[in-house]
Amino acid sequence: MNDHPQGERPVLARIRSCDARSNRRVPVADLIGFDVAEIAGGRAVATLQSGPQHANPMGTLHGGNLVRSDGRSYGNGFVSTLEPDQSFTTVELRINFFRPVWTAKLTAEAIVIQRGKTTGYVECTVRDENGKLVAKAASTCMVLAGARATGR
């Protein structure tokens with residue numbers, strides 16, 4: 001059954017069907033608690049309400065949780081640039097943490113900076129509810145097509 005809007009890319013349709021506005025979710029999104037707010041045109045926005053459940057032993061937001069919400073943003077931004085028979089994989093991910101977070105609503109905004117035929121480069125900025133910069137991430141993504149994209 002084709003359950004995505006007519007003409008929409010299958011991978012993007014899968015992501016849209018798993019966001020906060022539907023009954024089907026991405027398991028890690030439920031586990032960590034982040035939601036996708038926007039996906040379009042090489043840009044994506046995700047939010048995370050951090051709290052004690054996300055803490056590291058020092059009591060601040062565990063960096064891995066922040067990386068996951070960044071990953072959801074940069075991945076969704078990159079997905080919005082794919083053709084119907086394409087998928088992608090992350091080749092490299094780098095993140096810089098600028099300030100500790102305890103409890104805050106975080107917004108991660110990803111923008112595809114460069115999209116070539118086989119690779120792309122995405123930057124993601126994470127801010128708290130006061131607009132303060134919490135982290136900045138960059139990722140290189142590799143486009144998978146044909147047999148390499150099957151089942152991904």
Side-chain angles (χ1 to χ4, degrees), residues 4-5 8-84 86-144 149 152:
H4 56 273
E8 187 168 66
R9 296 173 184 100
V11 174
L12 184 54
R14 269 199 317 270
I15 287 170
R16 286 191 195 285
S17 74
C18 294
D19 71 15
R21 295 172 297 279
S22 76
N23 293 327
R24 295 183 305 161
R25 302 257 312 173
V26 174
V28 73
D30 287 335
L31 179 66
I32 296 174
F34 53 82
D35 291 306
V36 176
E38 301 174 38
I39 307 171
R43 180 178 174 274
V45 178
T47 60
L48 170 68
Q49 178 60 56
S50 67
Q53 71 276 23
H54 300 109
N56 62 25
M58 283 69 66
T60 58
L61 173 68
H62 187 285
N65 291 314
L66 194 55
V67 169
R68 281 305 314 143
S69 37
D70 276 354
R72 185 78 191 258
S73 291
Y74 84 76
N76 289 341
F78 196 73
V79 160
S80 73
T81 71
L82 297 176
E83 296 298 323
Q86 294 178 329
S87 185
F88 83 100
T89 190
T90 301
V91 175
E92 180 262 345
L93 173 63
R94 181 185 72 247
I95 187 167
N96 292 312
F97 303 101
F98 299 120
R99 68 180 59 247
V101 172
W102 288 266
T103 300
K105 181 165 185 180
L106 302 175
T107 301
E109 178 183 19
I111 298 172
V112 176
I113 303 299
Q114 172 64 36
R115 174 61 159 87
K117 185 176 180 181
T118 58
T119 62
Y121 177 78
V122 185
E123 292 183 349
C124 183
T125 302
V126 180
R127 296 185 182 277
D128 67 16
E129 67 269 8
N130 298 314
K132 291 186 177 181
L133 187 60
V134 171
K136 182 105 175 159
S139 177
T140 303
C141 301
M142 180 173 61
V143 177
L144 303 174
R152 291 189 56 95

Using every non-hydrogen atom in the two residues, find where [X] and [Y] come nearest and quote the distance to one decimal.
X    : Y    : result
S139 : L93  : CB-CD1, 4.1 Å
T125 : L133 : CG2-CD1, 3.3 Å
G77  : S80  : O-OG, 2.7 Å
V143 : T119 : CG2-N, 4.4 Å
F78  : G120 : CE1-CA, 3.5 Å
G42  : T81  : CA-CG2, 3.8 Å

How many angstroms lie between atom [atom1] of [X] and atom [atom2] of [Y], to the nearest 0.5 angstrom?
X    : Y    : atom1 : atom2 : answer
L106 : E129 : CG    : CD    : 7.5 Å
T89  : M142 : OG1   : CE    : 6.0 Å
F88  : L144 : CZ    : CG    : 9.0 Å

- Item | D128: partners by side chain to side chain donor-acceptor pair (under 3.5 Å), with sequence neighbours left out |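 Once residues adjacent in sequence are excluded, D128 has no partner under the side chain to side chain donor-acceptor pair (under 3.5 Å) criterion.
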
- Note on the structure: So the salt bridge (Lys or Arg N to Asp or Glu O under 4.0 Å) pairs with at least one residue in residues 96-118 (sequence neighbours excluded) are R43-E109

- Can you tell which of V45, V79, N76 makes a side-chain contact (heavy atoms from CB on, under 4.5 Å) with I39?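 Going through V45, V79, N76 one by one, the side-chain contact (heavy atoms from CB on, under 4.5 Å) with I39 is satisfied by N76 alone.
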
- Message: Has S50 got a side-chain atom pairing as donor or acceptor with A104's backbone, closer than 3.5 angstrom?
- Response: yes

- With the side chain counted from C-beta on, respond yes when L48 and H54 share a heavy-atom pair under 4.5 Å apart, and no when they do not. yes

- Looking at residues at least two apart in the chain, or sitting in another chain, which of them share a side-chain contact (heavy atoms from CB on, under 4.5 Å) with T103?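 Result, side-chain contact (heavy atoms from CB on, under 4.5 Å) vs T103: Q49, P52.
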
